[in-house]
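Whatever order the structure lists ligands and atoms in, that order sets their numbers, starting from 1.
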Amino acid sequence: MGVSIRAATAADREATVGLWEAAGLTRPWNDPRADFDLALATLTSTVLLADDDDALIGSVMVGLDGHRGWVYYLATAPDRRGQGVGRTLMSAAEDWLKTLGSPKIQLMVRGDNAMARGFYAALGYELQEVVTLGKRLQAT
Ligand SMILES: CC(C)(COP(=O)(O)OP(=O)(O)OC[C@H]1O[C@@H](n2cnc3c(N)ncnc32)[C@H](O)[C@@H]1OP(=O)(O)O)[C@@H](O)C(=O)NCCC(=O)NCCS
């Protein structure tokens, strides 16, 4: 059947978090299950999944904040990398944002994630000379 993209449902939570863990995307200070639930509970965000038959092989979280589109939790299963899954997921995320009228897509990458930076550069993403600031709004 090949690779297909679909929006996640609540039933996909454990498999998706497992994929994020296998891809090294989780951090002790973030609750990935809460992140997944909030994305699905918010009208202008979602988690898109890549399936190959019944196997989950990739994910991307995408959302519109009212001004720009943002991407998080892009992951391809370790044994399926280099086969176009990440490109397909990013294309689906871009289409999803275009449908909502978002003029731009942005994302944050850790500075030392050379693999992801190379991947995004291959897809036409450019470094922006901005500094990202943050502040916690909920106790962790
Ligand atoms: C980043 C990641 C999602 C890429 O997924 P992937 O399925 O292997 O990527 P694709 O096979 O779709 O690659 C798409 C293109 O990027 C290129 N590419 C991928 N990694 C690259 C790199 N490090 N440097 C240069 N080009 C790269 C591929 O050659 C391919 O080019 P082509 O379409 O012209 O042939 C995957 O490596 C991953 O899950 N990494 C761990 C999680 C992570 O760091 N996520 C990003 C968090 S910000």
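When Val17, Leu19, Leu25 are each tested for a side-chain contact (heavy atoms from CB on, under 4.5 Å) with Glu21, only one passes: Val17.
Protein residues with a heavy atom under 4.0 Å from ligand 1 are Ala23, Leu25, Leu74, Ala75, Thr76, Arg81, Gly82, Gln83, Gly84, Val85, Gly86, Arg87, Met108, Asn113, Met115, Ala116, Gly118, Phe119, Tyr120, Ala122.
Residues satisfying the side chain to side chain contact (heavy atoms under 4.5 Å, CB included) criterion with Thr9, sequence neighbours excluded, are Ala11, Asp12. For Arg33, the side chain to side chain donor-acceptor pair (under 3.5 Å) criterion is met by Glu14, not counting sequence neighbours.
One finds the OG1 atom of Thr46 at 12.5 Å from the CG atom of Leu64 (value rounded to the nearest 0.5 Å).
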Per-pair distances, 0.1 Å, donor-acceptor, side chain in residues 114-133, under 3.5 Å, sequence neighbours excluded:
from   : atom 1 : to     : atom 2 : distance (Å)
Arg117 : NH1    : Gly111 : O      : 3.0
Tyr125 : OH     : Glu94  : OE2    : 2.6
Gln128 : OE1    : Lys104 : NZ     : 2.6

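Within the 4.5 Å cutoff, the side chain of Trp70 has no heavy atoms near those of the Met61 side chain.
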